[in-house]
Amino acid sequence: MLQPQNITDYYINTHLKSGSVAIDATAGNGNDTLKLCKAVGENGKVFAFDIQKQALDTTAARLCEEGFENAELILDSHSEMDKYITSECDAVIFNLGYLPGGDHLLQTKAETTIDAIEKSLALLSEHGFISVTVYYGKNSGTAEKEAVMEYMRTIDHKKYTVLTCDFHNRPNNPPITVIITKN
Ligand SMILES: C[S@@+](CC[C@H](N)C(=O)[O-])C[C@H]1O[C@@H](n2cnc3c(N)ncnc32)[C@H](O)[C@@H]1O
């Protein structure tokens with residue numbers, strides 16, 4: 001069955017090549033960081049952010065296991081990405097919500113997420129993309145989802161295309177993946 005990560009994977013596989021620069025804005029357990037490291041290769045670079053040391057430790061262990069040294073793991077909010085990255089980026093991946101098995105209070109928040117998406121737009125290369133997967137449910141994430149989806153509608157349609165992938169007939173608040181590309 002099609003999953004949100006299949007949509008993001010399609011963009012990773014079609015838009016990134018050896019030497020690309022990518023950002024994992026929410027490293028978590030490192031699944032996307034690892035995919036990005038594989039896609040950009042040893043000549044490329046991945047910046048991975050998380051506010052939890054536990055998440056970056058797990059990510060570092062996974063990268064080490066697989067032999068990747070092309071990532072810089074940054075213990076800070078993605079809303080500060082412009083302090084660490086000045087070059088253009090070919091991909092920025094957000095997986096909103098909380099660390100599976102971790103503290104739900106440390107989930108992503110609308111204000112910092114929107115700040116980080118704005119900064120990602122400014123860093124995006126001509127053929128780059130941003131993927132934002134929004135997880136929400138009755139107990140968490142709904143306010144962030146509302147604010148992020150509202151913000152997406154305000155992005156300048158002359159400069160960017162905002163594509164929403166929504167599992168329309170699935171029950172129980174299925175995640176929404178938004179892909180942003182430059183026109
Ligand atoms: C759903 S998890 C990410 C899952 C991850 N993509 C993976 O492959 O395992 C969301 C992560 O975002 C992190 N997070 C929350 N607020 C953040 C912020 N402002 N900046 C960076 N990371 C943040 C959480 O600590 C959590 O690890």
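Keep in mind the model is a prediction, meaning the values are calculated, not measured. Note that ligands are numbered from 1 as they come in the structure, with each ligand's atoms numbered from 1 the same way.
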(request) Can you measure from CG (D90) to NE2 (H15) and round to the nearest 0.5 angstrom? (result) 10.0 Å

(request) Can you sort out the partners of E150 under salt bridge (Lys or Arg N to Asp or Glu O under 4.0 Å), two or more places apart, ordered by chain and number? (result) R153

(request) Give yes or no for whether the N/O distance cutoff of 3.5 Å, strictly under, is met between Y98 and ligand 1. (result) no

(request) Please report which non-hydrogen protein atom sits nearest to atom 9 (O) of ligand 1, along with the residue it belongs to and the distance in Å to one decimal place. (result) N29 N, 2.8 Å

(message) For atom 19 (N) of ligand 1, what's the nearest protein heavy-atom neighbour? Residue, atom name and distance, please.
(response) S77 OG, 3.0 Å

(message) Please check: side-chain N/O of R62 versus main-chain N/O of L34, any donor-acceptor pairing under 3.5 Å?
(response) no

(request) For the pair Y135 and Y98, evaluate ring pair (Phe, Tyr, Trp, His ring centres under 6.0 Å) and give the outcome as yes or no after the intermediate values. (result) CA-CA 9 Å; Y135 291 90; Y98 50 82; 9.0 Å; no

(request) Determine whether the side chain, the backbone, both or neither of L96 has a heavy atom under 4.0 Å from any heavy atom of ligand 1. (result) backbone

(message) Checking a contact table here: which protein heavy atom is nearest atom 23 (C) of ligand 1, and how many Å away?
(response) I51 CG1, 3.8 Å

(message) For atom 20 (N) of ligand 1, what's the nearest protein heavy-atom neighbour? Residue, atom name and distance, please.
(response) H78 N, 2.9 Å

(request) Look at the side chain of T59 and the backbone N and O of G28, then say whether any donor-acceptor pair between them is shorter than 3.5 Å. (result) yes

(message) Please say yes or no: joined through hydrophobic side-chain contacts below 4.5 Å, possibly via intermediate residues, are V40 and I23 part of one cluster?
(response) no

(message) Is there a side-chain contact between Y11 and I179 in this structure, where contact means two heavy atoms from C-beta onward sitting under 4.5 Å apart?
(response) yes

Output a table of donor-acceptor pairs, distance under 3.5 Å, between side-chain atoms of residues 66-74 and any protein atom two or more places apart or on a different chain; print 'none' if there are none.
residue: N70; atom: ND2; partner: C37; partner atom: O; Å: 3.1
residue: N70; atom: ND2; partner: G41; partner atom: O; Å: 2.7
residue: E72; atom: OE1; partner: K45; partner atom: NZ; Å: 2.9

(request) Can you pull out the closest protein heavy atom to atom 3 (C) of ligand 1? Residue, atom name and distance to 0.1 Å, please. (result) T26 O, 3.5 Å

(message) How far is atom 10 (C) of ligand 1 from the closest protein heavy atom, and which atom is that?
(response) N95 O, 3.4 Å

(request) Give the numbers and elements of all ligand 1 atoms closer than 4.0 Å to a heavy atom of Q52. (result) 24 (C), 25 (O)

(message) Other residues, nucleotides and ligands only: do more than 12 of their heavy atoms fall within 6.0 Å of NE2 on H127?
(response) no

(request) Quick one: look up the protein heavy atom nearest atom 25 (O) of ligand 1 and list residue, atom name and how far away it is. (result) D50 OD1, 2.6 Å

(message) Surrounding OH of Y10 (heavy atoms of other residues, nucleotides or ligands, distance under 6.0 Å), is the total greater than 12?
(response) no

(request) Measure L106 to ligand 1 on non-hydrogen atoms and call it side chain, backbone, both or neither using the 4.0 Å cut-off. (result) backbone

(request) Report the part of A116 (side chain from C-beta onward, or backbone N, CA, C, O) that has a heavy atom under 4.0 Å from ligand 1; answer both or neither where that applies. (result) neither

(request) Say whether A25 and ligand 1 are in contact under the criterion: heavy-atom distance to a ligand atom below 4.0 Å. (result) yes

(message) As a check for students: among T33, T108, T112, identify the option with a heavy atom nearest to atom 14 (N) of ligand 1.
(response) T108

(request) Between S79 and ligand 1, find which residue part has any heavy-atom pair under 4.0 Å and reply side chain, backbone, both or neither. (result) neither

